[in-house]
Amino acid sequence: SRINMSKARGIAHGGHPDGVITFNETTFESNLTVNADMTGTISGPVTIPNLFIHGHLNAVQELNISGNVEISTGASLNLIG
């Protein structure tokens, strides 16, 4: 199974009086796929079984992939911090 960023965005953030705060678990039980029409951000430390990027993903702090990473042509992974 996998987590689709378009589905995850609806449940991964919460309102705050000063803006939007995003949350993610530190260990994903499913693969993470970023669709070609999506841009996402994930905060670490985080461990993901397999990562498939067809769009754009910003990863803040520590990103651990226990399996495979696939980045499509024209897609990007930006590691910050």
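All values below come from the heavy atoms of this structure, side chains included, with hydrogens, waters and symmetry mates left out. Positions are given from 1 along the sequence.
Under the 4.5 Å side-chain heavy-atom criterion for ILVMFWY residues, no single connected hydrophobic cluster contains both I53 and V60. Residues I80 and I65 are members of separate hydrophobic clusters, defined by side-chain heavy-atom contacts under 4.5 angstrom among Ile, Leu, Val, Met, Phe, Trp and Tyr.
One N or O on the side chain of N50 and one on the backbone of N68 form a donor-acceptor pair closer than 3.5 Å. Not a single donor-acceptor pair under 3.5 Å links the side chain of N24 to the backbone N or O of I42.
With sequence neighbours excluded, the residues forming a side chain to side chain contact (heavy atoms under 4.5 Å, CB included) with E62 are P45, N64, listed by chain and number. With sequence neighbours excluded, no residue forms a side chain to side chain donor-acceptor pair (under 3.5 Å) with E25.
Of all heavy-atom pairs between S30 and P49, the closest is O-CD, 3.2 Å.
Residues T47 and L63 have side chains not in contact (no heavy-atom distance under 4.5 Å, counting atoms from C-beta outward). For the pair L32/F52, no side-chain contact is recorded, criterion being any heavy-atom separation below 4.5 Å from C-beta on. Using a 4.5 Å heavy-atom threshold, the side chains of T26 and V46 count as separate. Side-chain contact between L51 and L57 is present, with heavy atoms from C-beta onward closer than 4.5 Å.
The side-chain hydrogen bond (donor to acceptor under 3.5 Å, both in side chains) analysis of residues 70-81, with sequence neighbours excluded, yields the pairs H54-S72, H56-S76, N58-N78.
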